[in-house]
Amino acid sequence: MPVEYWLIFILIVMIIASIAALEMDDILSSIVAIGIVGLGVSLSFLFLQAPDLAIVQFLFEIFALIILVKAFLGKDYHKQAPSRINKILAGLTIITLTAIFIFSVSVFELLPPFGEPLMTTAQYYLDNGAKDTGAANLVSSIILDYRAYDTLGEITVLFTAILGAFTILRIKSKSKKENSELSNATK
Amino acid sequence: MQQNEGMTLIVKTVTRISVWMILLYGIYIIFHGHLTPGGGFAGGVIVALAFLNVLLAYGRKFTSDWLNIGFLHDLEAASATLFLVIGILGISMGGAFLANFLTKGELFALISAGTILPLNIVIGIKVGMSLFLVVWVLAGFKIEKGD
Amino acid sequence: MIVYLLCFILLLVGLYGVLTKRDLIKIILSIGILGYAVNLLLILFAYRNNSIYPILSKGKEISPMVDPLPQALVLTSIVIELGTTAMLVALAVKLFEKYNTFDITEIRRLKG
Amino acid sequence: METKTKSRIIVFVFALVVWFALTDIKDYQEALIGIAISMLISFLTGHFLIANVASQHLIKRTFHFLLYIIRFIWEMIIANLEVAYLVIHPMLPIKPGIVKIKTKLTKDSAITVLANSITLTPGTLTVDINRNKGELYIHWINVKSKDIDQATKEIGERFEKTLTEVYE
């Protein structure tokens with residue numbers, strides 16, 4: 001069976017799972033459905049001959065699951081009934097997105113067929129990567145040697161994001177501070 | 001190991017037996033990033049998950065007795081600096097920022113590929129520590145019921 | 001071609017979630033779906049028929065390999081996505097603490 | 001020797017074995033880095049492995065553990081047949097419920113192995129453990145008796161006798 005058919009099957013499962021994740025009421029079911037989508041992406045990476053990405057995506061999925069469950073489960077979560085205007089807006093959005101999809105079909109027809117890539121610049125890396133850097137894993141040789149600047153920027157972004165998360169969680173909200181001052185005063 | 005914090009006894013015992021295996025596999029992935037699939041990103045996440053395993057099974061107090069959290073903060077900040085230091089060493093010894101100045105070695109040996117191995121280790125520490133600390137902060141964040 | 005279109009549908013599903021959902025958890029999940037779709041689309045463009053993964057191994061003759069450059073870029077993108085997800089979750093938790101709800105219309109109404 | 005030190009040495013040896021299984025043993029670079037990493041791991045997580053020292057001799061314990069595995073497989077076959085009978089039977093004569101059983105085991109790992117064995121045999125499932133009182137809550141697909149002693153005899157005692165030899 002060619003790779004393309006497998007990918008079509010996985011993608012259909014992923015689309016169904018993502019719609020389910022967005023429409024389900026229970027928050028734990030949504031998080032599990034998102035897990036299905038992520039594992040589908042990981043499996044597709046394996047079919048597309050990218051084992052590095054498959055490993056990272058799989059771990060990302062586990063980690064995101066832990067964060068989401070840890071943060072959102074157990075909060076009392078009220079499901080609001082959608083109002084009339086929301087229903088109208090959702091309908092309009094679906095119509096607009098369908099129109100975008102229909103118009104974009106002709107754009108995708110311009111692309112070369114699946115399996116014959118557009119980009120040919122990377123041929124240099126394939127030919128000389130092992131000789132230039134001495135690494136057998138060519139992806140690793142690109143991220144840490146040819147394009148190490150990208151990784152530097154990526155580390156900076158990660159550092160900033162994590163620092164931002166720390167700072168947000170450390171700030172004490174105003175009302176709580178007042179409350180604690182009040183309670184201290186009464187003591 | 002007697003406190004009631006954390007999960008049930010089964011989870012605690014299995015964690016006790018398996019945590020060294022997860023840590024070893026993460027470090028293996030980091031060190032073989034230039035030879036096999038994986039590398040600093042994947043290995044760093046596995047190391048973070050090994051620590052998280054203990055945090056989720058045993059609770060915060062046990063983990064803060066086991067690990068020095070302040071030191072992990074320092075390590076996380078220091079690894080970003082180390083990346084820059086390796087880059088600047090590339091200027092002085094190789095002529096360009098982040099140039100591969102170490103010896104290339106022979107293909108398929110563990111110590112080869114110049115600066116790729118040290119950079120992988122630095123990235124592994126960075127990713128692992130920051131992801132562990134995020135969950136650490138999130139887990140300690142208790143929402144008090146407002147009125 | 002049909003693979004590209006299906007992947008584009010996945011992206012549109014994520015876009016639909018971001019545009020219409022009112023609750024913060026669903027918005028975070030939709031941003032995740034958008035990220036998955038974009039990453040997958042990049043790797044789909046890089047695939048070449050009858051070729052193997054771009055890693056040399058001992059005693060194997062050289063055969064055509066897939067394009068390693070998009071893979072390197074997507075690897076970076078996945079890790080950044082992890083950082084932004086953590087940041088978004090922290091923001092959502094903080095908002096819940098302040099307003100005691102995840103509904104963005106409520107949050108907009110209750111100022112101060 | 002102190003328990004923690006003993007545990008660290010055992011983890012060091014295990015880690016080295018796993019490292020050599022993952023990599024090429026003939027390469028001296030791999031060997032040196034493997035030793036360094038195993039030391040790091042035994043320093044970081046080594047003291048977790050062994051919680052308390054067993055009194056029995058190691059060879060005797062291994063022998064009893066092998067006996068336990070045979071016993072477990074036998075019980076599993078019987079439980080499988082029972083559940084298969086329940087499933088095939090047209091009336092579906094099940095009577096699900098949660099029962100409480102007692103255990104005399106005291107060590108953490110012994111209770112874990114007992115609970116996991118009960119979960120792995122079809123028809124019974126460990127729901128919760130009360131560590132201090134030595135009680136296990138079991139979900140049973142076909143409750144034969146609600147009495148604690150009777151239920152203990154039916155579920156727990158099959159494994160408990162051999163496990164006492166291994167761990168206590």
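The figures that follow rest on heavy atoms only: side chains count, while hydrogens, waters and symmetry mates do not. Naming convention: chains lettered A, B, ... in sequence-line order (proteins, then strands); numbering from 1 in each chain.
Here OG1 of B:Thr13 is found 9.0 Å from CG of D:Asn116. Values are rounded to the nearest 0.5 Å. Distance OG1/D:Thr23 to CG/B:Leu35: 11.0 Å, rounded to 0.5 Å. In this structure, OG1 on D:Thr45 lies 9.0 Å from CG on B:Leu24, to the nearest 0.5 angstrom. Between the OG1 atom in D:Thr112 and the CZ atom in B:Arg16 there is a gap of 7.5 Å [rounded to 0.5 Å]. Rounding to the nearest 0.5 Å gives a distance of 9.0 Å between CD1 of B:Ile29 and CG of D:Leu22. Put simply, CD1 on D:Ile37 and CZ on B:Phe31 are 4.0 Å apart, with the number rounded to the nearest 0.5 Å.
No more than 12 heavy atoms of other residues, nucleotides or ligands sit less than 6.0 Å from atom CE of D:Met39. Around CZ of D:Phe20, the count of heavy atoms belonging to other residues, nucleotides or ligands within 6.0 Å exceeds 12. More than 12 heavy-atom neighbours from other residues, nucleotides or ligands sit within 6.0 angstrom of CD1 on D:Ile69. In the displayed structure, D:Phe72 atom CZ is contacted under 6.0 Å by more than 12 heavy atoms of other residues, nucleotides or ligands.
In this view, D:Tyr85 and D:His89 satisfy the ring-ring contact (aromatic ring centres under 6.0 Å, His included) rule, not counting sequence neighbours. For B:Tyr28, there are no side chain to side chain donor-acceptor pair (under 3.5 Å) partners two or more places apart in sequence or in a different chain.
Per-residue heavy-atom pair counts under 4.5 Å with chain B were compared for D:Gly34, D:Ala15, D:Ala115, D:Ser42, and the maximum is reached by D:Ala15. If you tally non-hydrogen atom pairs under 4.5 Å between each of D:Ile33, D:Val11, D:Thr126, D:Ile129 and chain B, the highest count goes to D:Ile33.
Against chain D, no residue from residues 73-83 of chain B qualifies, as none has a non-hydrogen atom under 4.5 angstrom away.
Taking both residues in full, the closest heavy atoms of B:Trp66 and D:Leu44 are given as NE1-O, 2.8 Å, listed atom of the first, atom of the second, then distance.
For B:Val54, the part lying under 4.5 angstrom from a heavy atom of chain D is the side chain only.
Within the 4.5 Å cutoff, no side-chain heavy atoms of D:Thr119 are placed close to those of B:Ile10.
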Under 3.5 Å donor-acceptor pairs involving side-chain atoms of residues 36-53 of chain B, not counting sequence neighbours:
residue	atom	partner	partner atom	Å
B:Thr36	OG1	B:His32	O	3.0

